[in-house]
Amino acid sequence: MIARLFLLICLAIPASVSANEERIAQADFPERMQVDGQELVLRNASLLEYLFVDVYSAALLTPPNQPLNTPITARNPLHLELYYYRDIDREDVIKAAWVALERQYDEPTLTRLRPGIERLHATFTDISAGDRYALTLDTEHALSLKYNGKESFSSRDSELARAYVGIWLRENGLSDSLREELTAGN
């Protein structure tokens, strides 16, 4: 009985890896892009699942030689793109963002960031399957947020930019496993 269960698990792992690769391929993330005259390349992509449901894939693009262990503390640009597989209410997105931010920052920092975050959140709409969000930090860590290819928010506040991208790329964010996959390797 245990041997049969072990065999089933082993057989399911390659199917799961293949399904993840198919989902990431469906997202059709850019391989390269330019930000402030610097070339960014696709470093890693990952699938976020919640309760066995594919929610979105995420991709991280940085300069090719940038260490990935601290992608948002360097003065290099970066691009984080999310491709959604499910419909999600804007209020649920905002709630999840605040949960992550409250785990990552103390109250004085959140008080300082709150006005900018609320302006950013005011631009959100309900997400439909096939939608994408892209967060780009330039060399000065100014933030550009695009929804389906159109800029919906920008800010020159580098602290806000680093904090918001940190929802995905810092510890205690939305998903530590997603962060680990996006920042794996050097």
Side-chain angles (χ1 to χ4, degrees), residues 23 27 29-30 33 35-36 40 44-51 53-62 70-183:
R23 278 301 214 179
F29 293 121
M33 66 184 300
V35 173
D36 284 352
L40 306 185
N44 291 309
S46 182
L47 175 68
L48 178 78
E49 297 174 308
Y50 181 72
L51 299 176
V53 174
D54 297 346
V55 179
Y56 60 78
S57 285
L60 178 63
L61 287 84
T62 71
T70 56
I72 54 178
T73 58
R75 293 306 258 171
N76 290 322
L78 69 79
H79 179 81
L80 177 68
E81 193 162 319
L82 309 172
Y83 177 86
Y84 291 85
Y85 303 108
R86 301 279 179 243
D87 296 349
I88 304 174
D89 291 337
R90 77 180 285 277
E91 293 303 322
D92 291 336
V93 174
I94 292 168
K95 181 180 177 183
W98 278 116
V99 166
L101 289 163
E102 288 168 356
R103 281 195 303 247
Q104 294 175 317
Y105 295 98
D106 60 21
E107 192 55 42
T109 303
L110 287 174
T111 298
R112 190 172 57 252
L113 293 170
R114 187 172 305 278
I117 292 169
E118 288 178 352
R119 283 192 307 276
L120 187 153
H121 285 166
T123 68
F124 286 3
T125 62
D126 291 341
I127 294 171
S128 298
D131 284 350
R132 66 178 71 228
Y133 269 107
L135 298 104
T136 305
L137 274 59
D138 67 13
T139 56
E140 300 299 318
H141 280 189
L143 173 66
S144 170
L145 174 70
K146 290 184 179 177
Y147 178 64
N148 292 331
K150 294 182 181 178
E151 188 171 78
S152 58
F153 179 84
S154 66
S155 172
R156 307 260 351 126
D157 182 343
S158 63
E159 183 182 26
L160 169 67
R162 288 190 305 270
Y164 213 80
V165 172
I167 290 172
W168 292 271
L169 299 178
R170 283 201 171 128
E171 288 184 17
N172 298 315
L174 288 176
S175 168
D176 282 337
S177 62
L178 179 79
R179 175 188 52 80
E180 289 167 5
E181 290 181 29
L182 290 175
T183 60

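Values reported hereafter were calculated over all heavy atoms of this structure, with side chains retained and with hydrogens, waters and symmetry mates removed. Since the structure is predicted, the reported quantities are computational estimates derived from the model, not experimental observations.
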Between Tyr85 and Leu47, does the side chain to side chain contact (heavy atoms under 4.5 Å, CB included) criterion hold? Intermediate values first, please. CA-CA 10 Å; Tyr85 303 108; Leu47 175 68; 3.5 Å; yes
Check the pair Phe29 / Ser57 against side chain to side chain contact (heavy atoms under 4.5 Å, CB included), numbers first and verdict last. CA-CA 9 Å; Phe29 293 121; Ser57 285; 3.8 Å; yes
If you apply the rule side chain to side chain contact (heavy atoms under 4.5 Å, CB included), what do you find for Leu137 with Leu143, and how did you get there? CA-CA 5 Å; Leu137 274 59; Leu143 173 66; 3.8 Å; yes
Test log, rule side chain to side chain contact (heavy atoms under 4.5 Å, CB included), inputs Thr125 and Asp131: CA-CA 11 Å; Thr125 62; Asp131 284 350; 5.7 Å; no
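When all heavy atoms of Leu78 and Pro71 are compared, the closest pair comes out as CD2-O, 3.3 Å. The minimum heavy-atom distance between Ser152 and Thr123, with the atom names listed, is O-CG2, 3.2 Å. In terms of heavy-atom proximity, Leu82 sits nearest to Ala58 at CD2-CB, 3.5 Å.
When side chains are defined from C-beta on, Asn148 counts as touching Arg132, because their heavy atoms get closer than 4.5 Å.
Annotation: side-chain contact (heavy atoms from CB on, under 4.5 Å) contacts of Asp138 (sequence neighbours excluded): Val35, Asp36, Glu140, Ala142, Arg156. Residues meeting the side-chain contact (heavy atoms from CB on, under 4.5 Å) test with Pro115, sequence neighbours left out: Arg119.
Judged purely by atom type and a 3.5 angstrom limit, Arg86 has no side-chain atom pairing as donor or acceptor with the backbone of Tyr56. Remark: side-chain polar atoms of Gln104 are paired, donor with acceptor, to backbone N or O of Glu171 under 3.5 angstrom.
Distance check: Ile127 CD1 to Tyr83 OH gives 12.5 Å after rounding to the nearest 0.5 Å. We find the CD-CZ distance between Glu49 and Arg23 to be 9.5 Å, quoted to the nearest 0.5 Å.
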Result block: side-chain N/O donor-acceptor pairs under 3.5 angstrom for residues 88-97, not counting sequence neighbours:
{"from": "Arg90", "atom 1": "NE", "to": "Phe124", "atom 2": "O", "distance (Å)": "2.9"}
{"from": "Arg90", "atom 1": "NH2", "to": "His121", "atom 2": "O", "distance (Å)": "2.9"}

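Between the side chains of Arg170 and Tyr105, at least one donor-acceptor pair of N or O atoms lies under 3.5 Å.
Ring centroids of Tyr133 and Tyr147 are separated by less than 6.0 Å, placing the two rings close together.
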